[in-house]
Amino acid sequence: MRENNLSFSKKLGQNFLISPAPRKKIIGALDLIDNSLNVWEIGPGIGAMTHMLLNLDAKLTAFELDYGFCGILHTLFDGNDNFKLIEGDFIKNWFTYQKEFGVPDRIIGNLPYNVGSVMIANLIEKRCTPEIMVFTLQREVAMRITASPGSKNYSSFTLLCGIDYETKKIGELNPGNFFPKPDVVSSIIKFVKRSQPAVPEEHRTMFLECVRDVFRSRRKTIKNNLLNGSFGDRFGKEEGWELLKASSLNSDDRGENLSIDDILEFVQFVQN
Ligand code: SAM
């Protein structure tokens, strides 16, 4: 960094993972079973993990927003045919790239703290769902991904991730593992794609609408949230209320208590 006159940007969540053991653990969790796999790395920084992935012969596409870092990455890896660098914002670039080159087999990233959840939600909503993804995230965000119904971290994001993936925390990293040291603890989360999505395709759109509705306001009942949300817009308040009463949901319940299956049962009842 010094050689290239670069400094760390807090705004871009630039905390480098400097401990070798967690790097190995994260890469190991990717299950790179053979060297034909296409891997995306989000936010490679100056390439500590990139270098390890290329040593495993992964076909790697890295997405980096910091143009100073991009210069270093070009110098280090351009000689490797398995390396491709997409410069700029991952959120703006991945979709076009995927249209041309397809969904990767794996995604890895020590994600920038401020936009980690946005990146994951963006991928899943737009159906870029590789078999395995492994991310390092701020612990609070990780807890929202792996939360169970009824807990305070359970949210619409938990449900979104749960449609296509089983998610598991596989490690926790104290600030001392990073440079510069962040203010927060991080968790490593592994996403493994379900053999079948938990929500059938024909119900997915309405399922996601209902998820957004029931979490519109955590303090309000699902009756209030659904009838004043897109469910109410779709069916009208009167018919919506009749449907809700006839369904298996308790209209006085709160979104945070509903599992994927509870919401799916409701959506299937309404759509069938
Ligand atoms: N991979 C390195 C490591 O593990 O040490 C760096 C991780 S650092 C937490 C996050 C990286 O994401 C930084 O290199 C930062 O410049 C990059 N970044 C931040 N926002 C980004 C975005 N929207 N698109 C692509 N990269 C981004």
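The figures here come from the full heavy-atom set of this structure, side chains too, leaving out hydrogens, waters and symmetry mates. As the structure is a computational prediction, the values presented were derived from the model and not from experiment. One-based numbering, in listed order, for ligands and for the atoms of each.
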Heavy-atom contacts under 4.0 Å between Tyr113 and ligand 1: side chain, backbone, both, or neither?
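It is neither part, as no heavy atom is under 4.0 Å.
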Counting non-hydrogen protein atoms only, what is the nearest one to [atom]? Give residue, atom name and distance.
atom	result
atom 26 (N) of ligand 1	Leu65 N, 3.3 Å
atom 4 (O) of ligand 1	Asn110 ND2, 2.8 Å
atom 20 (N) of ligand 1	Pro112 CG, 3.5 Å
atom 1 (N) of ligand 1	Gly43 O, 2.8 Å
atom 19 (C) of ligand 1	Leu12 O, 3.2 Å
atom 22 (C) of ligand 1	Met119 CE, 3.5 Å

Only heavy atoms of [X], strictly under 4.0 Å: list the atoms of ligand 1 that pass.
X	result
Asp66	16 (O)
Pro44	1 (N), 2 (C)
Phe16	5 (O), 6 (C)
Phe63	25 (C), 26 (N)
Gly13	8 (S), 9 (C), 10 (C)

Going by heavy atoms in the side chains, are Val141 and Ser117 under 4.5 Å from each other?
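Yes, side chains in contact.
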Is Thr61 close to Ile86 at the side-chain level, that is, under 4.5 Å between some pair of heavy atoms?
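In short, these two side chains touch, coming nearer than 4.5 Å.
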Out of curiosity, is [X] lining ligand 1, as in a heavy atom under 4.0 Å away?
X	result
Gly88	yes
Asn15	yes
Ala48	no

Short side-chain donor-acceptor distance under 3.5 Å, [Y] and [X]:
X	Y	answer
Asn228	Asn224	yes
Ser259	Asp262	yes
Ser251	Lys245	no

Count the heavy atoms belonging to other residues, nucleotides or ligands that lie under 6.0 Å from CG of Asn272, then report whether that count exceeds 12.
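Yes, enclosed.
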Only one of Phe135, Phe157, Phe191 clears ring-ring contact (aromatic ring centres under 6.0 Å, His included) with Tyr165; which?
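In the set Phe135, Phe157, Phe191, the residue that makes a ring-ring contact (aromatic ring centres under 6.0 Å, His included) with Tyr165 is Phe191.
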Any donor-acceptor pair under 3.5 Å linking the side chain of Asn4 with the backbone of Leu6?
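Answer holds: no.
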Please work out which of Gln14, Glu87, Glu64 has its closest non-hydrogen atom nearest to atom 14 (O) of ligand 1.
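Minimum heavy-atom distance to atom 14 (O) of ligand 1 goes to Glu64.
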May I ask which of Leu17, Leu137, Asn114 has a heavy atom nearer to atom 5 (O) of ligand 1 than the others do?
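The nearest heavy atom belongs to Leu17.
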Given the rule in the side-chain hydrogen bond (donor to acceptor under 3.5 Å, both in side chains) test, do Ser230 and Asp213 qualify, once you have shown the distances and angles that lead to the verdict?
CA-CA 7 Å; Ser230 17; Asp213 280 354; 3.1 Å; yes
Measure across Ser36 and Asp105 and return the closest heavy-atom pair with its distance rounded to 0.1 Å.
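Between these two residues, the closest heavy atoms are O-OD2, 4.3 Å.
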Is there at least one pair of N or O atoms, one from Phe90 and one from ligand 1, spaced under 3.5 Å apart?
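The answer is yes, given that Phe90 and ligand 1 share an N or O pair closer than 3.5 Å.
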Flag Asp89 as yes when one of its N or O atoms lies below 3.5 Å from any N or O atom of ligand 1, and as no otherwise.
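It does: an N or O of Asp89 is found under 3.5 Å from an N or O of ligand 1.
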Suppose we screen for side-chain hydrogen bond (donor to acceptor under 3.5 Å, both in side chains). Which residues come up paired with Arg234, at least two apart in sequence or across chains?
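Result, side-chain hydrogen bond (donor to acceptor under 3.5 Å, both in side chains) vs Arg234: Glu209.
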All side-chain hydrogen bond (donor to acceptor under 3.5 Å, both in side chains) counterparts of Ser151, not counting sequence neighbours:
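Scan of Ser151 (side-chain hydrogen bond (donor to acceptor under 3.5 Å, both in side chains), adjacent residues dropped) gives none.
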